[in-house]
Amino acid sequence: MKGLRQPRGRDLPALLAGGATTVGAVGAFLALADANSPLRGPFTLFFLLAAPSASIGAALRGLDPFGRVLTSVAGAVVLNMLVAQGMLAVHRWSVPGGIVAVTALSSLILLLTLVRRRRTHGPSNGWGKSVRGTG
């Protein structure tokens with residue numbers, strides 16, 4: 001059974017990503033359900049920073065890691081401010097509306113990034129390898 005073991009620390013990034021996704025999803029759920037929980041504030045704040053940061057960070061693959069993190073967090077703050085300012089300007093501010101708007105914009109950024117990447121690199125066979133030039 002030696003061949004089945006993975007080196008130590010190799011699963012840590014995936015574990016942290018899964019934990020962050022769970023915390024963000026719980027934060028969004030608590031805010032949308034208007035739950036009276038002490039975890040609602042911190043988890044929702046984490047979601048409002050992590051969701052746009054992840055989608056903007058995916059679009060900035062060419063930057064070095066520190067610049068990518070710094071730029072994606074700054075972009076997340078800007079996105080949240082623009083959503084809040086836009087909702088206040090049209091007198092439609094609500095917490096659930098803000099969560100939905102940030103989620104929609106973050107999903108749109110991520111979707112556009114994936115579409116651009118697919119057009120640039122061509123279709124893949126599902127294993128990350130391009131199928132261009134075969135056949």
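For clarity, every value in this text was computed on a predicted model and none was experimentally measured.
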Exercise. If you group Ile, Leu, Val, Met, Phe, Trp and Tyr by side-chain heavy-atom gaps below 4.5 Å, do Leu88 and Ile99 land in one group?
Worked result: yes
For this session: Start with the C-alpha gap between Gln85 and Leu82, add the side-chain angles, then the distance that decides, and say whether side-chain contact (heavy atoms from CB on, under 4.5 Å) holds.
Result: CA-CA 5 Å; Gln85 202 169 27; Leu82 287 174; 4.2 Å; yes
Exercise answer: donor-acceptor pairs, residues 60-68 side-chain atoms, under 3.5 Å, sequence neighbours excluded:
unit_1 : atom_1 : unit_2 : atom_2 : d
Arg68  : NE     : Gly57  : O      : 2.9
Arg68  : NH2    : Gly57  : O      : 3.3

Enumerate donor-acceptor pairs with a distance under 3.5 Å from any side-chain N or O in residues 37-45 to protein atoms, sequence neighbours excluded.
unit_1 : atom_1 : unit_2 : atom_2 : d
Ser37  : OG     : Leu39  : N      : 3.2
Arg40  : NH1    : Asp34  : OD1    : 2.9
Arg40  : NH2    : Asp34  : OD1    : 3.4
Thr44  : OG1    : Gly27  : O      : 3.0
Thr44  : OG1    : Arg40  : O      : 2.6

Output side-chain donor-acceptor pairs under 3.5 Å for residues 104-115, partner residues at least two apart or in another chain, one line each.
unit_1 : atom_1 : unit_2 : atom_2 : d
Ser106 : OG     : Val102 : O      : 2.8
Ser107 : OG     : Thr103 : O      : 2.8
Thr113 : OG1    : Ile109 : O      : 2.8

Problem set entry | N/O donor-acceptor pair under 3.5 Å between Arg92 side chain and Gly97 backbone | no
Problem set entry | Distance (rounded to the nearest 0.5 Å) between Phe46 CZ and Thr22 OG1 | 10.0 Å
For this session: Can you see which heavy atom on Ile56 is nearest to which on Ala76, and at what distance?
Result: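 Closest approach of Ile56 to Ala76: CD1-N, 3.8 Å.
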Return all side-chain donor-acceptor pairs below 3.5 angstrom for residues 47-55, not counting sequence neighbours, or 'none' if the list is empty.
unit_1 : atom_1 : unit_2 : atom_2 : d
Ser53  : OG     : Leu49  : O      : 2.6
Ser53  : OG     : Ser72  : O      : 3.4
Ser55  : OG     : Ala51  : O      : 3.4
Ser55  : OG     : Pro52  : O      : 3.0

Problem set entry | Summary of salt bridge (Lys or Arg N to Asp or Glu O under 4.0 Å) pairs that have at least one residue in residues 75-86, sequence neighbours excluded | none
